[in-house]
*Asks:* 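One structure follows; several queries about it will come next.
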There are 2 protein chains.
Amino acid sequence: MNQQLRAISELDRVIHEPGRLMIVALLSAFKECDFLYLLHETEMNKGNLSSHLARLEEAAYVEIQKTYRGKVPQTVLRLTSAGRKAFDGYRKGLKAAF
Amino acid sequence: MNQQLRAISELDRVIHEPGRLMIVALLSAFKECDFLYLLHETEMNKGNLSSHLARLEEAAYVEIQKTYRGKVPQTVLRLTSAGRKAFDGYRKGLKAAF
DNA sequence: GCATTCTAGTTTGCCATACAAACCTGTCGT
DNA sequence: ACGACAGGTTTGTATGGCAAACTAGAATGC
């Protein structure tokens, strides 16, 4: 297997999924976003966004912090350092592949 | 939705799948490969490779030509022009996203 | 003050699909 | 003739993405 193919086959599937890729890209740019911001920005529906976030949390790539803004519940998302590292690795992998 | 996210969300899922991405990348480099070459190069198993190729054929991205090399059956794969275009588009999408 | 609606998400159900194991068809060696 | 092998394909399963339905609590109408 050549180097290009190796790079492709080693891409992190958790990040590779476009829905999650959008989330991670946003979080890597903004450090901290709330659920609704991601919802509007990605144009996903709530269920979809929620389950992708759950998957990212399970992979320990994002932290999910439930809080309140006054009386309104608010879910704040943050990339963990593992998440940032994984995203950097993913981009390196892409670079190596193309 | 910003331009980066748009690019990500519009990535062609048929090509995006790493297994198929490897296949398409190889075919785009070599114009024509046989099944066994792809098999060894990608390190997939036969079933997996076969079904990814079927999917690419269904999308009209590759042509599958069954022939013989002597008495040994040989399956030759080739990117169609639609396939090449889709791959170019995919790479443009990636560039736009990162 | 009770019902309705709205906000902010989560859970459920279904369908598509990635993957590998089992299978199939023909050839070669002995 | 028969077992092993080559070259793929089909089948079965388990995962996973997606949207619809659900939940909990706050604001609003009557």
Side-chain angles (χ1 to χ4, degrees), chain A residues 1 5 8-27 32-78 86, chain B residues 1 5 8-27 32-78 86:
Chain A
M1 197 193 272
L5 297 188
I8 291 172
S9 76
E10 285 173 357
L11 290 171
D12 183 335
R13 306 290 272 246
V14 173
I15 292 188
H16 191 60
E17 160 63 28
R20 286 187 296 267
L21 192 46
M22 289 194 282
I23 294 172
V24 171
L26 275 173
L27 290 180
E32 180 170 318
C33 307
D34 65 11
F35 186 92
L36 291 178
Y37 178 74
L38 290 178
L39 182 64
H40 295 129
E41 202 63 15
T42 62
E43 292 179 11
M44 298 193 234
N45 58 48
K46 295 180 291 180
N48 199 354
L49 177 56
S50 177
S51 47
H52 280 312
L53 286 172
R55 189 125 165 53
L56 287 168
E57 182 184 32
E58 182 192 320
Y61 289 172
V62 309
E63 264 178 31
I64 304 186
Q65 184 187 351
K66 288 166 201 307
T67 172
Y68 285 87
R69 193 184 41 209
K71 302 203 163 178
V72 182
Q74 184 183 216
T75 299
V76 176
L77 292 321
R78 211 173 290 102
Chain B
M1 196 192 273
L5 297 188
I8 292 173
S9 75
E10 285 172 358
L11 290 171
D12 183 335
R13 306 290 273 243
V14 173
I15 293 190
H16 191 60
E17 160 63 29
R20 288 189 294 268
L21 192 46
M22 289 195 281
I23 295 172
V24 170
L26 276 173
L27 291 179
E32 181 171 315
C33 308
D34 64 10
F35 187 92
L36 291 178
Y37 178 73
L38 290 179
L39 182 63
H40 295 128
E41 203 61 16
T42 62
E43 293 178 10
M44 297 193 236
N45 58 47
K46 295 181 290 179
N48 198 352
L49 176 57
S50 178
S51 48
H52 279 313
L53 286 172
R55 187 122 166 58
L56 287 167
E57 183 185 31
E58 182 192 320
Y61 288 172
V62 310
E63 264 178 30
I64 304 185
Q65 184 185 352
K66 286 164 204 305
T67 173
Y68 285 87
R69 193 185 41 208
K71 301 202 164 178
V72 182
Q74 185 185 213
T75 299
V76 176
L77 291 320
R78 210 173 291 105

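Below, read A as the first sequence line, B as the second, and so on, with proteins coming before strands; counting in each chain starts at 1.
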*Asks:* Expressed in angstrom and rounded to an integer, what is the separation of B:Leu38 atom CG from D:dT9 atom P?
*Replies:*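 Computing the B:Leu38:CG to D:dT9:P distance gives 12 Å.
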
*Asks:* What's the CD-P distance between B:Glu57 and D:dG8, to the nearest Å?
*Replies:*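 In whole Å, D:dG8 P and B:Glu57 CD are 14 Å from each other.
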
*Asks:* Indicate, with a heavy-atom threshold strictly under 4.0 Å, whether A:Lys46 touches base, sugar-phosphate, or nothing.
*Replies:*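 Result for A:Lys46 = base.
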
*Asks:* Working to the nearest 0.5 angstrom, can you tell me the gap between A:Ser51 OG and A:Asn45 CG?
*Replies:*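 Taking OG in A:Ser51 and CG in A:Asn45, the distance rounds to 8.0 Å.
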
*Asks:* Atom CD of A:Glu17 and atom NE2 of A:His52: how far apart are they, to the nearest 0.5 Å?
*Replies:*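 Nearest 0.5 Å value for the CD-NE2 distance: 4.5 Å.
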
*Asks:* Any side-chain N or O of B:Arg13 less than 4.0 Å from the OP1 or OP2 oxygen of D:dG17?
*Replies:*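 It does not, given that no N or O in the side chain of B:Arg13 lies less than 4.0 Å from OP1 or OP2 of D:dG17.
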
*Asks:* Nearest of D:dG7, D:dG17, D:dG8 to any side-chain atom of A:His52?
*Replies:*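 The closest nucleotide is D:dG17.
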
*Asks:* Rounded off to whole Å, could you give me the CG-to-C1' distance for the A:Asn45 and D:dC22 pair?
*Replies:*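 Atom-to-atom, A:Asn45 to D:dC22, this comes out as 14 Å.
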
*Asks:* Which sits closer to the 5' end of DNA chain D, A:Tyr68 or A:Asn48, going by the nucleotide each is nearest to?
*Replies:*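 Upstream on the strand: A:Asn48.
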
*Asks:* As an exercise, state the distance from CG of B:Leu21 to CG of B:Asp12, rounded to the nearest 0.5 Å.
*Replies:*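 Rounded to the nearest 0.5 Å, the CG-CG separation comes out at 10.5 Å.
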
*Asks:* For DNA chain C, which nucleotides open and close the run of contacts to chain B, 5' to 3', at under 4.0 angstrom from a non-hydrogen atom?
*Replies:*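 From 5' to 3', the first and last contacting nucleotides are C:dT17 to C:dC28.
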
*Asks:* Tell me, with the steps shown, if A:Leu26 and A:Met22 meet side chain to side chain contact (heavy atoms under 4.5 Å, CB included).
*Replies:* CA-CA 6 Å; A:Leu26 275 173; A:Met22 289 194 282; 5.6 Å; no

*Asks:* Calculate the interatomic distance between B:Leu56 atom CG and D:dG8 atom P; express it in whole Å.
*Replies:*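 Interatomic distance, CG of B:Leu56 to P of D:dG8: 16 Å.
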
*Asks:* Once rounded to the nearest 0.5 Å, what's the spacing between atom CD1 of B:Ile23 and atom CG of B:Leu53?
*Replies:*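 Answer rounded to 0.5 Å: 4.5 Å.
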
*Asks:* Would you mind reading off the distance between B:Lys71 atom NZ and D:dC5 atom C1', rounded to a whole angstrom?
*Replies:*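 After rounding, the gap between these two atoms is 16 Å.
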
*Asks:* Rounding to a whole Å, what distance do you find between B:Ile64:CD1 and D:dG7:C1'?
*Replies:*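 Answer to the nearest Å: 14 Å.
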
*Asks:* Rounded to whole angstrom units, what separation is found between the CG atom of B:Leu49 and the P atom of D:dG8?
*Replies:*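 Checked: the CG to P distance equals 9 Å.
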
*Asks:* Where is the tightest heavy-atom contact between A:Pro18 and B:Ile8, given as atom of each residue plus distance?
*Replies:*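 Minimum heavy-atom separation between A:Pro18 and B:Ile8: O-CG2, 3.5 Å.
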
*Asks:* Just how far is it from atom CD1 of A:Ile64 to atom CD of A:Glu58, taken to the nearest 0.5 Å?
*Replies:*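 The CD atom of A:Glu58 is 10.5 Å from CD1 of A:Ile64, to the nearest 0.5 Å.
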
*Asks:* Within the pair A:Ser51 and D:dG17, is there a side-chain N or O less than 4.0 Å away from OP1 or OP2?
*Replies:*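 For A:Ser51, the contact criterion (side-chain N or O under 4.0 Å from OP1 or OP2 of D:dG17) is not met.
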
*Asks:* For a quick check of understanding: with a heavy-atom distance under 4.0 Å over all strands, which category does A:Leu39 fall into, base, sugar-phosphate or nothing?
*Replies:*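 It contacts nothing in the nucleic acid.
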
*Asks:* Calculate the interatomic distance between A:Leu21 atom CG and D:dG17 atom P; express it in whole Å.
*Replies:*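 Taking atom P of D:dG17 as the reference, CG of A:Leu21 is at 13 Å.
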
*Asks:* Is there a side-chain polar atom (N or O) of B:Ser50 under 4.0 Å from OP1 or OP2 of D:dG8?
*Replies:*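 No, outside the criterion.
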
